[in-house]
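Structure first, commentary second.
These values consider heavy atoms only, across backbone and side chains, with no hydrogens, waters or symmetry-generated copies.
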Amino acid sequence: PIWNRFDQQLDMLNERLLEMGSLMEQSIEKATQALIRQDVQAANEAISADHEIDQKEQEIESLCLKLLLQQQPVARDLRLISAALKMITDMERIGDQAADISGIVCYIVGEPYIKELVHLPAMADAVPTAKPAIIPKIALFFIIILLNLSYYVLITQSDNFMRQNNASARSSIHQSC
C-alpha cells in the first residue's frame, strides 16, 4: 500500500508537469501572437497564464519536497523528482519571459516595428513540433526577443523624455526672455 501511494504520487507529479508544460506552451503561443499582431488581448492572456504557471510551480515544488521528505526515494525516482524540480524552474522562467514580452507589447501597441518580424512567425509555427532538445534554444530565442524589445522601449522612452525636456527647456528660455 505504501508503494502504491508513492507510485500514485509520482503519477500525479507527471500529470502536474504536463499541465504546467501545456500552460507554458499556451503562454508562448499567446505572447508570440501578441508580438506578431500587436494583440493586447493575447498579451493579457499570456500575462494571466504566467500567474497560473507560477501557481503550478509552487504546487509541483511542494509535491516534490513532500515526496523527498516522506518517501526518501532512491535511484530512478530520486532522479525523476530532481529533474522535475529543475524543469519547473525553467518552465516558470519561460512563462515569465512570455509575460514580459506581452507586457512590452502592451506598452508599444500601435507603434510600428523598426524591423519587420520576418522569421518570428515561422519559428512560432515550429514550436509545437519541436523536439525537447531545442526547448532551451526556444527559451534563448525569447530572451533575445525580450532584450531587443526592452532596448526598443528604453530608446523610445529616452527619446520621448528628451523631446519633453527639450520642449520644456525651450519654453522656459522663451518665457525668461
At their closest point, which heavy atom of [X] faces which heavy atom of [Y], and how far apart are they?
X	Y	answer
Ala99	Asp50	CB-CB, 3.7 Å
Ala34	Val105	O-CG1, 3.4 Å
Lys30	Ala46	CB-CB, 3.8 Å
Ile101	Ala31	CG2-O, 4.4 Å
Ile53	Met91	CG2-O, 4.1 Å

Point-to-point distance, once rounded to the nearest 0.5 Å, from [atom1] of [X] to [atom2] of [Y]:
X	Y	atom1	atom2	result
Ile47	Asp96	CD1	CG	11.5 Å
Asp100	Arg93	CG	CZ	12.0 Å
Leu18	Met20	CG	CE	12.0 Å

* To do: Please report the C-alpha distance between Leu10 and Ile81 in whole Å, then the side-chain angles of each, then the deciding distance to 0.1 Å, and finally whether the side chain to side chain contact (heavy atoms under 4.5 Å, CB included) criterion is met.
  => CA-CA 8 Å; Leu10 286 177; Ile81 295 168; 4.1 Å; yes
* Keeping the roles fixed (side chain from Ser27, backbone from Leu23), state whether a donor-acceptor pair exists under 3.5 Å. => no
* Is a side-chain N or O of Gln38 found less than 3.5 angstrom from the main chain of Val109, in a donor-acceptor match? -> no
* To do: Indicate whether the side chain of Gln33 and that of Glu29 have a donor and an acceptor atom separated by less than 3.5 Å.
  => no
* Asked: Are Val40 and Leu35 in one and the same hydrophobic cluster, where Ile, Leu, Val, Met, Phe, Trp and Tyr link if side-chain heavy atoms are under 4.5 Å apart?
  -> no
Residues 56-68, side-chain donor-acceptor partners within the protein, below 3.5 Å, at least two apart:
{"from": "Lys56", "atom 1": "NZ", "to": "Glu19", "atom 2": "OE1", "distance (Å)": "2.6"}
{"from": "Glu59", "atom 1": "OE2", "to": "Arg16", "atom 2": "NE", "distance (Å)": "2.6"}

* Asked: Residues in side-chain hydrogen bond (donor to acceptor under 3.5 Å, both in side chains) with Gln55, at least two apart?
  -> none
* Using side-chain hydrogen bond (donor to acceptor under 3.5 Å, both in side chains) as the criterion, list what pairs up with Glu92, not counting sequence neighbours. => none
